Amino acid sequence: MATSDKLIQVKNLKKYYNKGTLHALDDVTVDVNKGDVMVVIGPSGSGKSTLLRSLNLLEIPTDGEILFHNIDITKKKFVNKHGKVEKVDINLHRQKMGMVFQHFNLFPHKTILDNMILAPMKVLGVSKTEATEKAMALLKRVGLEDRAGAFPIQLSGGQKQRIAIVRALMMEPEVMLFDEPTSALDPEMVGEVLEVMKELALGGMTMVVVTHEMGFAREVGNRVLFMADGKLVEEGTPEEIFDHPKHPRLQDFLAKVL
Amino acid sequence: MLSIEGFQSAFKYIQLFKEGLVCTVSLSAFTVILGFVLALVLALMRMADLRPFRFLDNTQGGEGRTGFIGFLSRFRPLNLIASVYIEVFRATPLMVQLFIIYYVLLAGLDLPTFKLFGLIRFERFIPGVIALSLNSAAYLSEIIRSGIQSIDGGQTEAARSLGMTQTQNMRYIVLPQAIKNILPAIANEFVTIIKESAICWTIGVQEIMSAVNSVKAATFTIGEALIIAACIYFCLTFPTSKIIEYFERKMSRGDKR
Ligand SMILES: Nc1ncnc2c1ncn2[C@@H]1O[C@H](COP(=O)(O)OP(=O)(O)O)[C@@H](O)[C@H]1O
Ligand SMILES: [Mg+2]
């Protein structure tokens, strides 16, 4: 695959806690290509969230590189294509990486519409009319256009998570990161959220998804990573991972969850 | 000790009490505004992550080093200054602070000597406001800090992941929620300031207690004037706390929608 298809390159990423005694990420190297739907699975505490959160620097890695469009965003400066040294603007990179959290993290003091238009207006300088128009179109896409004036507390979990997804989409990100987006939901609401994610994937969005929904991983994912103890233990297509697991840790894990 | 005649003669000076009331209210209002701004700065300083010697720790994230170098690399000067300020102002008497500011720090300054609202002597009023503000800022900043820290960190992560800067996050996400949560505590601090402002008569601010003193000098009795002063303070603070309680109940009801 050509370098231009590589959206994110993670190289020897390490994240240590507790003065270096806890290796949340232990030398992880992986690429995310444009259009990938990369599903990350693994037992609790294996470093899935840490890996995902490192991608947009919500966690600062202890060591290693994260190249986004070939710029190492873990460093303060980079050399641009004209040979000049420029500052790495992490806010700029974060705009291009949407993130969806397990607990939605909607802004409770703002209406659904205001949740969606705040960042486009303040960060991108989009006008209120334009942002509102776009928000209403997105709300329509997820069937929530009648809730624009509601506050987050008035919504069900599934509705909140759908809003969180479209709020991130308002920034027109190049990649969407999902950290267990359905784990905090009542079972009957999981489907509606996965449906939105599936549509997004079919639309060609690059996605990195941490999830325990093995059905989604198999059906929607084109690559699956299995992590354990901060290490990337096995990587492959859904068929390879689910039907022909090689590593005993993975076989063990699948026996427990499937 | 107390007598009807005593009250009658004290009431002759009711104008002094009225002026004292205006002065006390202005003193408290200016103090709460100035104190709040200063408290906000202190609270942000205490939470600031400015580490000038961070470069000494060459591990990314700057948490890896131990020992003296590690200590130096994690040194946060803004936090230290704010913490020392807060501890000093909370650990020393307000009266000592007031006297140091009036007799030492501002003694050399020639403050303008006009009368605010035509009755409050500016050159006495300002040191009073400054002392009360500096003092209440120490308490208010802890209230604000706890308010900010009570906002779920996930909100900040969501804001940052949308590309907002730390300042935008504070301004649009954290502070509006934090301030709503701490309004009752701030209002309570306002009540405390009204009561503590009485101390300013010691530097010649003409607030309610200074009216008491004038009546004492003119009539050679103090009991009745003190009762009147107590009533005025009560009429200021009691309704204020009741109003606060009312809004507190109303706001917490809104949250449980
Ligand atoms: N802020 C933190 N401080 C200390 N340890 C942490 C912190 N965040 C995560 N960890 C630890 O790092 C490891 C990986 O955590 P995480 O990435 O959340 O795992 P997962 O998402 O796979 O459940 C766990 O052992 C966890 O306890
Ligand atoms: Mg996790």
Side-chain angles (χ1 to χ4, degrees), chain A residues 13-20 53-66 74-76 89-110 114-116 118-124 150-151 153-154 164 167-168 170-171 173 176-177 179, chain B residues 49-74 147-148 150-183 250-257:
Chain A
L13 199 65
K14 301 184 179 90
K15 176 67 182 181
Y16 299 164
Y17 286 114
N18 302 348
K19 297 206 164 107
R53 293 158 55 82
S54 297
L55 294 183
N56 67 355
L57 296 196
L58 284 181
E59 302 291 351
I60 307 295
T62 310
D63 195 14
E65 294 176 8
I66 300 166
T74 65
K75 302 294 184 298
K76 285 202 170 67
D89 183 355
I90 184 54
N91 294 317
L92 196 71
H93 296 301
R94 283 192 180 132
Q95 290 165 30
K96 298 176 188 163
M97 302 187 190
M99 179 129 185
V100 175
F101 303 86
Q102 184 176 352
H103 295 287
F104 331 123
N105 297 352
L106 296 182
F107 307 132
H109 61 307
K110 296 202 172 284
D114 287 341
N115 261 276
M116 293 175 69
L118 180 69
M121 283 167 55
K122 301 301 175 192
V123 177
L124 301 178
F151 282 89
I153 199 161
Q154 300 168 304
R167 177 178 69 177
M170 285 292 289
M171 298 298 286
M176 286 283 284
L177 313 173
D179 193 0
Chain B
D49 195 25
L50 180 85
R51 285 179 271 174
F53 302 113
R54 195 181 200 151
F55 64 88
L56 292 175
D57 190 333
N58 43 16
T59 60
Q60 288 176 25
E63 298 283 356
R65 286 272 203 147
T66 52
F68 181 68
I69 298 274
F71 168 79
L72 209 58
S73 72
R74 282 188 289 275
I148 289 174
S150 74
I151 303 301
D152 161 34
Q155 309 258 333
T156 295
E157 294 192 345
R160 298 309 301 272
S161 77
L162 287 164
M164 282 191 230
T165 62
Q166 185 56 37
T167 314
Q168 288 173 325
N169 169 45
M170 269 292 158
R171 170 145 176 232
Y172 300 115
I173 308 301
V174 178
L175 284 181
Q177 296 181 68
I179 288 175
K180 185 183 156 230
N181 290 350
I182 60 178
L183 268 183
K250 218 176 142 180
M251 280 201 310
S252 61
R253 209 181 298 143
D255 283 341
K256 288 190 204 95
R257 225 179 342 180

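To find a chain, count down the sequence lines: A is the first, B the second, and so on, and within it residues start at 1. Please read all numbers here as calculations on a predicted model, not as lab measurements.
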So which atom in [X] and which in [Y] form the shortest heavy-atom distance, rounded to 0.1 Å?
X        : Y        : value
A:Asn91  : B:Thr165 : ND2-CG2, 3.5 Å
A:Ala119 : B:Met164 : CB-CE, 4.1 Å
B:Ala158 : A:Phe101 : CA-CE1, 3.7 Å

Check: B:Gly154 main-chain N/O paired with A:Asn105 side-chain donor or acceptor under 3.5 Å: yes
Of all of [options], which one pairs up most often with chain B through heavy atoms under 4.5 Å apart?
options                              : value
A:Leu57, A:Leu124, A:Leu118, A:Asn56 : A:Leu118
A:Arg53, A:Lys14, A:Glu59            : A:Arg53
A:Met170, A:Met99, A:Met97, A:His109 : A:His109

Structural part of [X] lying under 4.5 Å from a heavy atom of chain B:
X        : answer
A:Met171 : side chain
A:Lys110 : side chain
A:Leu92  : neither

For [X], enumerate each residue passing the side chain to side chain donor-acceptor pair (under 3.5 Å) test, keeping only those at least two apart in sequence or located in another chain.
X        : answer
A:Gln102 : none
B:Asp152 : none
A:Arg167 : A:Asn115

Sub-4.5 Å side-chain heavy-atom contact between B:Arg160 and A:Arg94: yes
Flag side-chain contact, heavy atom, 4.5 Å: B:Arg171 against A:Lys122: no
Interface residues of residues 172-179 of chain B facing chain A - non-hydrogen atoms under 4.5 Å apart: B:Tyr172, B:Ile173, B:Pro176, B:Gln177
Nearest-0.5 Å distance, CG of residue B:Asn169 to CZ of residue A:Phe107: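 Going from the CG atom of B:Asn169 to the CZ atom of A:Phe107 covers 7.5 Å.
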Contacting region of B:Gln155 [heavy-atom separation from chain A under 4.5 Å]: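 Backbone plus side chain of B:Gln155, per the 4.5 Å heavy-atom cut-off to chain A.
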